Amino acid sequence: MTSRPDMPTAWLFNGYERPAPVANEYLHYAKVISGIRMRQSVSGAGDFCVLPSLLDPALLSQWLAKPCFPSDLGLLSPEVHEAENFLGLQREEFLFPDLFTIQELTQQVLDMEDGCAYSNATGNACRCEWCSAGAQSLRPWIDEETSRVEISMVVYNAQYGSYTYVSVNFMFNRGGHIHSFIHCLSAFVDPFLRPGPELALTLVAATLWIGALLYALAAELTEIRGAIRNSNAGLRKALWEDYVGFYNMVDWSSIIVGSLAIGYYFQSRIAASAVNELLPSMIDASLKPDANYQSTVKEFFRAAEDMSKAKKDTELQLMFYPLIIMMRLFRSFEAQPRLALVSATLKTAAPDLGHFFMIFLCVYLCFVVSSLLFFGQDLESFSTMDRALHTSFLAMFGDWDWNAMTDVGMLRAAVWFWVFMVMMVLFMLNMLLAIIMDAYQMEKYKTSDATTLWQQILDMIERRRQYIRGERVRLTDVWKTFRRQYAGKEKAMLSSDQLLSVEYLVNTVTRMPEQQALRTMVHSLKRDDILTHGFMTEEQVNKHVEKTLGSMELKIKAILEDVEFINDKLDFFDRLLAPGDAEYDFYFGADGQSHDQASRLWIYNSITAFSEELQQNFVRGIQRIGTWQDEFECEQTELADGLREFEQLLAQSLEALQELSNVVEGMDKEI
């Protein structure tokens, strides 16, 4: 049986300077710079042992025979912020593959493990610097004081032009468990080393962003100056009354956070530039190691650590900026009624939401505390208050680990879960949706006649064309005209009680057509009415209609009483006797006139006065009815019925007048 020949361990591919695999490669495409750094954080020994109050501390110390080393690290699964903490790390050791062979590096790790005990016993040199320093010569590098071990290295990927700080972290909790966590922090060598189109797009976007920040800053400063100039009060009062507002604070937040983001970005680029400056000397030291190799490596690691922290701070700062931009977008949406529907809904529902969330938080916190006590000892996701808050919130929206929850018992977990779902999901969340939907329906009803965004765009285009043709003026020109009249004092201008008219606008604003002036006045009055009286809810409308109909009923009743009075008078005069009758003489007799003449004169005057009064009453009644009809179109059917009844009464009254007139004519003929 022939033996298998030795297989090759390296290949020299085309274009390679050295056979592959190349020394210090990392995942084929990256290169380890300098070496590997190992360091740890420790918790000092002391009298931190927890013991029963009845136990003698001296007896416990004699029984334990060693001190306690308390530490909060590793209590739960490691998180990112723990791996990014570079403070308090000590016992630093380096593995230099450029200086030592794999056997020597292995021996160094063994010396760190046993504290150079084997090397001292065999007479070999100790390769663990910390272990061989002073009184620590026989102490392992990892001991009971160790709470965290970080094994880190810096790699460079030429494919992407990026540095990556790779750290492998081991967290030692005081229960005997060791958590492992791998974390990477990357930064580009130079963000401008990219394809031309991509670089041009990036530069254009950055320029527009910086320009927008400067524009927002200039606009806010201009508004502050205007508020101070328009106010007769002091600086603080002027700013508080005429400037400070929610959206002004949002604008300043965007300016400040954007400026900080730019500052952090330049800080990260300065830190990356420091690494770039050290890289050539690090490469030279790697190719030709000398006495300064170790100091160069340590300096490079410190620079890479600063670069990683600066890059992370920049990302954290940029994270807040889109949230502030979102608030500014809501301000922009208010310029269009259909787009402002969301923000208007939240404003309308705000009082109800405030009261609802008081109840919601009380109920929710009770469930969170119960979950902490119920599942906290068995499930890490419920082990702390913040984790229980988060896990319970996820459970409300359908994200839960039922198999893990059953670790406390199937029946017990099911009882808690059912109660939580019924209270928080079926009741609370549905009530929240009901409050929002109720406000949404109200705001949607308000904007049912509002112009859509597309129609508004078309209107803007048409207005621009009309302005070019000289058929209209811009509203900004109208604003500037009034502003000049008040010497730029907007507060005085807006508080003025001067009456405006169409003729005044036409004569004051240059080139303003009369039709536009009339339209502007009508829209202004509508807007003022909305701001003054607000929008009536359906319940308020119903109450107002009920009140108006009641008033109308009383007025119609009064008219009916007047008509009945007229009818009685007509019946009375129909029953009058011939001349010579005592009652006839009482009403129609007069000195110097015959009975017939007095009767005709009295009847003529009475009919004339009665006709004029009736005509005025009819005119006023019709005018009032027309006004009521315009205000309450929704009650057209009821009003129409009322008008028909009124017309019938009017016809009957006219018939009565006609009969009375016929009687007078008959009396004239008899005379």
Side-chain angles (χ1 to χ4, degrees), residues 26-27 36-44 48-50 68-92 112-113 140-155 164-186 305 308-309 311-313 315-316 319 364-365 367-410 412-413 416-417 420:
Y26 181 71
L27 300 178
I36 300 174
R37 181 178 64 178
M38 295 179 291
R39 52 185 184 169
Q40 60 179 274
S41 59
V42 298
S43 57
F48 303 107
C49 299
V50 180
C68 297
F69 308 94
S71 174
D72 293 333
L73 288 176
L75 292 176
L76 302 172
S77 298
E79 298 181 6
V80 172
H81 67 88
E82 295 177 335
E84 294 174 352
N85 182 17
F86 301 130
L87 300 176
L89 296 174
Q90 51 188 286
R91 301 184 183 183
E92 191 174 67
M112 295 170 61
E113 181 180 359
W141 188 72
I142 297 179
D143 54 20
E144 292 184 358
E145 292 185 356
T146 302
S147 57
R148 171 194 170 193
V149 171
E150 182 203 55
I151 303 174
S152 59
M153 58 184 175
V154 181
V155 298
T164 302
Y165 183 91
V166 182
S167 64
V168 181
N169 297 270
F170 298 94
M171 309 294 181
F172 296 75
N173 68 21
R174 293 310 181 241
H177 185 75
I178 302 176
H179 296 279
S180 60
F181 186 72
I182 300 176
H183 186 54
C184 299
L185 291 170
S186 299
E305 186 177 305
S308 302
K309 291 189 293 185
K311 179 66 163 47
K312 195 67 179 179
D313 292 340
E315 293 175 351
L316 182 63
M319 182 270 293
Y364 180 66
L365 289 177
F367 275 106
V368 169
V369 174
S370 70
S371 67
L372 177 64
L373 300 174
F374 200 55
F375 301 104
Q377 187 171 351
D378 300 284
L379 301 180
E380 187 174 297
S381 56
F382 291 96
S383 58
T384 60
M385 190 65 180
D386 55 342
R387 293 181 180 235
L389 279 169
H390 179 67
T391 306
S392 300
F393 185 81
L394 294 179
M396 281 195 301
F397 295 95
D399 185 5
W400 63 79
D401 188 354
W402 172 249
N403 293 328
M405 294 174 66
T406 55
D407 289 346
V408 302
M410 175 70 180
R412 299 171 63 188
W416 184 91
F417 188 75
F420 179 82

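From a predicted model like this one, the values you see are computed outputs, not experimental measurements. Scope of the values below: all heavy atoms of this structure, side chains included, with no hydrogens, waters or symmetry mates.
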### Message
Before we go on, tell me: are the rings of Tyr165 and Phe86 under 6.0 Å apart, centre to centre?
### Response
yes
Exercise answer: donor-acceptor pairs, residues 386-398 side-chain atoms, under 3.5 Å, sequence neighbours excluded:
{"residue": "Asp386", "atom": "OD1", "partner": "Thr384", "partner atom": "OG1", "Å": "2.4"}
{"residue": "Arg387", "atom": "NH1", "partner": "Glu380", "partner atom": "OE2", "Å": "3.3"}
{"residue": "Arg387", "atom": "NH2", "partner": "Glu79", "partner atom": "OE2", "Å": "2.8"}
{"residue": "Thr391", "atom": "OG1", "partner": "Ser381", "partner atom": "O", "Å": "2.7"}
{"residue": "Thr391", "atom": "OG1", "partner": "Arg387", "partner atom": "O", "Å": "2.8"}
{"residue": "Ser392", "atom": "OG", "partner": "Ala388", "partner atom": "O", "Å": "2.8"}

### Query
Trp416 vs Phe375 aromatic rings, parallel, tilted or perpendicular, using cut-offs 30° and 60°?
perpendicular
### Task
Please indicate whether Ile182 has more than 12 foreign heavy atoms, meaning atoms of other residues, nucleotides or ligands, lying under 6.0 Å from its CD1.
no
### Message
Please determine whether the number of non-hydrogen atoms from other residues, nucleotides or ligands lying under 6.0 Å from atom CG of Asp72 exceeds 12.
### Response
no
### Query
About how many Å separate CE of Met405 and CZ of Arg412, when rounded to the nearest 0.5 Å?
12.0 Å
### Query
Are side-chain heavy atoms of Pro78 and His183 found at a separation under 4.5 Å?
no
### Query
What are the two closest non-hydrogen atoms of Ala404 and Leu379, and how far apart are they?
O-CD2, 3.2 Å
### Task
To the nearest 0.5 Å, tell me how far Trp402 CH2 sits from Phe417 CZ.
6.5 Å
### Query
Passes side-chain contact (heavy atoms from CB on, under 4.5 Å), Leu75 versus Met171? Steps please.
CA-CA 9 Å; Leu75 292 176; Met171 309 294 181; over 6 Å; no
### Query
Passes side-chain contact (heavy atoms from CB on, under 4.5 Å), Lys309 versus Lys312? Steps please.
CA-CA 5 Å; Lys309 291 189 293 185; Lys312 195 67 179 179; 5.7 Å; no
### Query
To the nearest 0.5 Å, what is the distance between OG1 (Thr146) and CZ (Phe69)?
9.5 Å
### Task
Give a yes or no on this: more than 12 heavy atoms of other residues, nucleotides or ligands lie within 6.0 Å of atom CD of Glu84.
yes
### Minimum-distance pair of heavy atoms, taken over all atoms of Asn173 and Gly176
OD1-N, 3.1 Å
### Task
Give a yes or no on whether the backbone of Ser41 and the side-chain of Ser147 come within a donor-acceptor separation of less than 3.5 Å.
yes
### Query
Are Tyr26 and Val166 side-chain neighbours, meaning at least one heavy-atom pair lies under 4.5 Å?
yes
### Task
Any chance you could measure Arg148, atom CZ, to Ser71, atom OG, to the nearest 0.5 Å?
11.0 Å
### Message
Could you measure the distance from the CD1 atom of Ile142 to the CE atom of Met112? Nearest 0.5 Å is fine.
### Response
7.0 Å
### Message
Rounded at 0.5 Å granularity, tell me how far CE in Met38 sits from OG in Ser152.
### Response
9.5 Å
### Message
With a 4.5 Å cut-off on side-chain heavy atoms, are Lys311 and Leu185 touching?
### Response
no
### Query
Any side-chain heavy atom of Leu372 within less than 4.5 Å of one from Phe382?
no
### Query
Hey, does Glu150 have a side-chain heavy atom less than 4.5 Å from the side chain of Leu89?
yes
#### Entry: Backbone N/O of Ser77 and side chain of His179: donor-acceptor pair under 3.5 Å
no
### Message
Salt bridge check, Arg37 against Glu92: does any charged N sit closer than 4.0 Å to a carboxylate O?
### Response
yes
#### Entry: Partners passing salt bridge (Lys or Arg N to Asp or Glu O under 4.0 Å) against Glu145 (at least two apart in sequence or in another chain)
Arg91, Arg139
